[in-house]
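As structure tokens, the structure follows; a few thoughts come after it.
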Amino acid sequence: MHKFVCLLRLLFLAVFSLTIVQCREADDRSRFLYADDPAATDIIEYQLHNAPSRDYSGDERREASKNQPGSEYDEERHIKPYFLTGENGPRVVQFYSPWCGHCQSFKSKYVALYKEVNRRLVDEETEVNFYAVSCSVHHWVCLQNNIKGFPTILAFKENSVDPLQLKEVTADNIAVAVGVDIKSSLRDGIKDNIDSDVEGGEDSEEDFRPIDILGASLDGLSRTREAVYRDAALSFTYALKTEIFANRDGNSVLDTNQRDAFAEWIDLLYWTLPPTWILHTLINDIRVNLDAVLVSENNMQIMVQKHDDVVNGMHTTWSAQCSKGVDGAGYLCGMWSLFHIISIGVIERHRAVLGARDQILTENVALTLRNYIEHFVSCEECRHYFVEMFDSCGFNHCRRLKQPQKLPPPESWQEFPLWLWEVHNHINVKLVEAKLKASNVVASSDELNTALWPSPEHCPQCKSGNKWDTKAVIAHLKKEFWPKGVQNFRFIVLKKKDGSKHTNSNRANLIENLIFFAGSAVFVMWCTRKQKRHQKQHIL
């Protein structure tokens with residue numbers, strides 16, 4: 001009987017272990033766009049189990065052991081995909097991230113480009129291979145190749161290791177870049193618009209997934225609050241692991257501006273997020289050990305892994321509403337959710353901050369968000385849009401977010417979430433316009449109005465005719481992005497930052513105090529003299 005029970009336990013453990021492995025494999029599959037897709041079999045998705053062993057062993061391993069005697073060989077950091085070395089034919093390589101909306105939309109176009117280029121090759125020309133590298137899986141490969149945005153398309157000539165980055169990706173440009181001759185598209189009757197070569201191509205209704213700029217989505221608020229917070233936590237931890245050290249121009253060390261931007265971002269999360277959110281365990285640990293964490297990407301990875309089970313639990317993918325049903329997508333949408341949670345936290349938590357009160361003013365909050373996006377968001381178009389919009393005082397934030405440092409009016413704290421909400425709506429409108437423009441359709445006012453949120457179904461009182469009720473909008477944002485019930489108030493202390501800005505602020509405060517004391521002294525002297533005169537008159 002005892003042996004039978006032991007066998008049952010072993011069988012259960014075997015089945016459980018197999019289930020975990022299968023779940024992990026399924027999760028890994030969600031981090032690829034082209035693998036196992038019947039419509040994308042022409043694209044060679046780089047996967048280690050299909051790669052030649054020389055990509056990650058042999059001479060590379062021996063060389064690493066010489067340089068780091070006695071240390072553990074980190075295989076992932078020494079992977080060199082075979083198609084990035086010499087002795088290869090003409091080829092095109094796409095570096096992408098599965099959460100990137102542009103990468104998802106570009107997928108069908110990339111497949112169609114392969115077909116067009118190779119169909120138009122002149123006789124005896126070598127086939128041009130198209131490769132895809134997921135930076136979500138092969139992060140170090142992308143880092144070593146100085147990939148700064150997604151998607152990045154590199155073209156290589158035969159036997160060359162010097163890539164040419166393509167800005168405008170067309171069949172003719174690819175042919176020139178890889179050094180092959182192709183037939184005229186007009187002579188072969190091939191349309192310039194390669195999207196028509198693919199059934200249900202990039203511009204089709206089913207394939208269009210508007211997860212572009214900052215992940216703003218038309219149905220983003222149909223999630224439950226639990227899903228909103230789960231998506232935000234996943235995106236935050238994902239960013240720490242893959243984004244913070246991603247755009248370093250080949251240097252793995254953050255410069256002063258990047259370190260300051262990250263430190264201010266962590267401080268912003270520290271005081272704005274709901275005090276009961278478990279994400280604070282990771283944020284607090286980073287704040288306490290900031291210098292150590294920013295030494296290297298490896299230190300950051302260790303810090304995130306330490307808290308990952310507590311922060312994210314068993315949740316490894318974004319909600320269906322956030323990912324639009326695309327496996328592995330949802331990162332930008334989750335970040336956008338985090339931005340909204342922060343914006344409501346500005347209203348709810350500003351009274352709890354002691355110390356450097358100037359750092360919690362809405363103009364500084366907006367600047368912190370802007371700096372984070374500039375330095376740590378890999379989506380090039382997203383980054384360019386937000387920074388350009390902010391630096392040009394987009395949506396009048398230069399005036400709207402200006403607060404007096406002492407006793408700002410209570411209603412002034414609502415301007416930041418309202419400003420961010422307006423930015424979000426503008427992004428939604430741009431997405432609808434882009435979608436319709438791709439189909440050669442001019443967007444009508446009714447179609448653009450459908451892009452605005454909250455919709456009448458979600459918040460009937462938020463809009464009357466063409467006029468928004470900002471009080472109702474704030475109430476709706478709180479409902480969607482802030483926990484119900486009474487929150488633990490929890491006072492926190494922020495230290496003042498070093499720098500000329502704060503030095504000037506301190507000098508201004510000192511001058512203000514001196515003027516106050518001087519005025520008080522003059523007033524006391526005047527009162528004293530007046531009292532003495534009154535006493536003399538009384539004696540006489």
Do [X] and [Y] come close enough that some side-chain heavy atom pair is under 4.5 Å?
{"X": "Phe150", "Y": "Cys135", "answer": "yes"}
{"X": "Tyr385", "Y": "Val423", "answer": "yes"}
{"X": "Leu369", "Y": "Ile342", "answer": "no"}
{"X": "Val429", "Y": "Leu452", "answer": "yes"}
{"X": "Val180", "Y": "Ile174", "answer": "no"}
{"X": "Pro81", "Y": "Val141", "answer": "yes"}

I'd like to know if the side chain of [X] and the backbone of [Y] have a donor-acceptor N/O pair within less than 3.5 Å.
{"X": "Asn88", "Y": "Gly86", "answer": "yes"}
{"X": "Thr272", "Y": "Leu268", "answer": "yes"}
{"X": "Trp419", "Y": "Gly394", "answer": "yes"}
{"X": "Asn118", "Y": "Val128", "answer": "yes"}
{"X": "Tyr229", "Y": "Phe481", "answer": "yes"}
{"X": "Asp285", "Y": "Thr281", "answer": "no"}

Pair [X], [Y]: side-chain N/O donor-acceptor within cut-off below 3.5 Å:
{"X": "Asn257", "Y": "His375", "answer": "no"}
{"X": "Ser337", "Y": "Asp231", "answer": "no"}
{"X": "Thr224", "Y": "Glu226", "answer": "no"}
{"X": "Glu243", "Y": "Tyr331", "answer": "yes"}
{"X": "Glu447", "Y": "Thr450", "answer": "no"}
{"X": "Ser235", "Y": "Trp336", "answer": "no"}

How far apart are the closest heavy atoms of [X] and [Y], and which atoms are they?
{"X": "Ala171", "Y": "Ile182", "result": "O-CD1, 3.8 Å"}
{"X": "Leu113", "Y": "Thr170", "result": "CD2-C, 3.8 Å"}
{"X": "Gln94", "Y": "Ile153", "result": "CG-CD1, 3.4 Å"}
{"X": "Val92", "Y": "Tyr110", "result": "O-OH, 3.3 Å"}

Drop me the distance from [X]'s [atom1] to [Y]'s [atom2], to the nearest 0.5 angstrom.
{"X": "Glu264", "Y": "Leu367", "atom1": "CD", "atom2": "CG", "value": "7.0 Å"}
{"X": "Gln144", "Y": "Lys80", "atom1": "CD", "atom2": "NZ", "value": "8.0 Å"}
{"X": "Thr317", "Y": "Leu234", "atom1": "OG1", "atom2": "CG", "value": "7.5 Å"}

Near [X] [atom1], under 6.0 Å, is it more than 12 heavy atoms from other residues, nucleotides or ligands?
{"X": "His384", "atom1": "NE2", "result": "no"}
{"X": "Glu380", "atom1": "CD", "result": "no"}
{"X": "Lys157", "atom1": "NZ", "result": "no"}

Check for me whether the distance between the ring centres of Tyr372 and Phe262 falls short of 6.0 Å. no
Could Lys107 and Asp37 be called an ion pair, given the rule that one side-chain N must be under 4.0 Å from one carboxylate O? yes
Closer than 4.0 angstrom, basic N to acidic O: yes or no for Arg120 and Asp181? no
If the plane angle is over 60° it's perpendicular, under 30° parallel, otherwise tilted; pick one for Phe390 and Phe386.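 Phe390 vs Phe386 ring planes: parallel.
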Give the ring-plane orientation class for Trp453 versus His340, where under 30° counts as parallel, over 60° as perpendicular and anything between as tilted. perpendicular
Strictly by side-chain hydrogen bond (donor to acceptor under 3.5 Å, both in side chains), give each pair with a member in residues 125-136 just once, sequence neighbours left out.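 side-chain hydrogen bond (donor to acceptor under 3.5 Å, both in side chains) check on residues 125-136 returns Arg31-Ser136, Tyr114-Glu127, Ser136-Tyr238.
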Applying side-chain hydrogen bond (donor to acceptor under 3.5 Å, both in side chains), run through His458 and Glu480 and close with a yes or a no. CA-CA 10 Å; His458 282 101; Glu480 296 293 336; over 6 Å; no
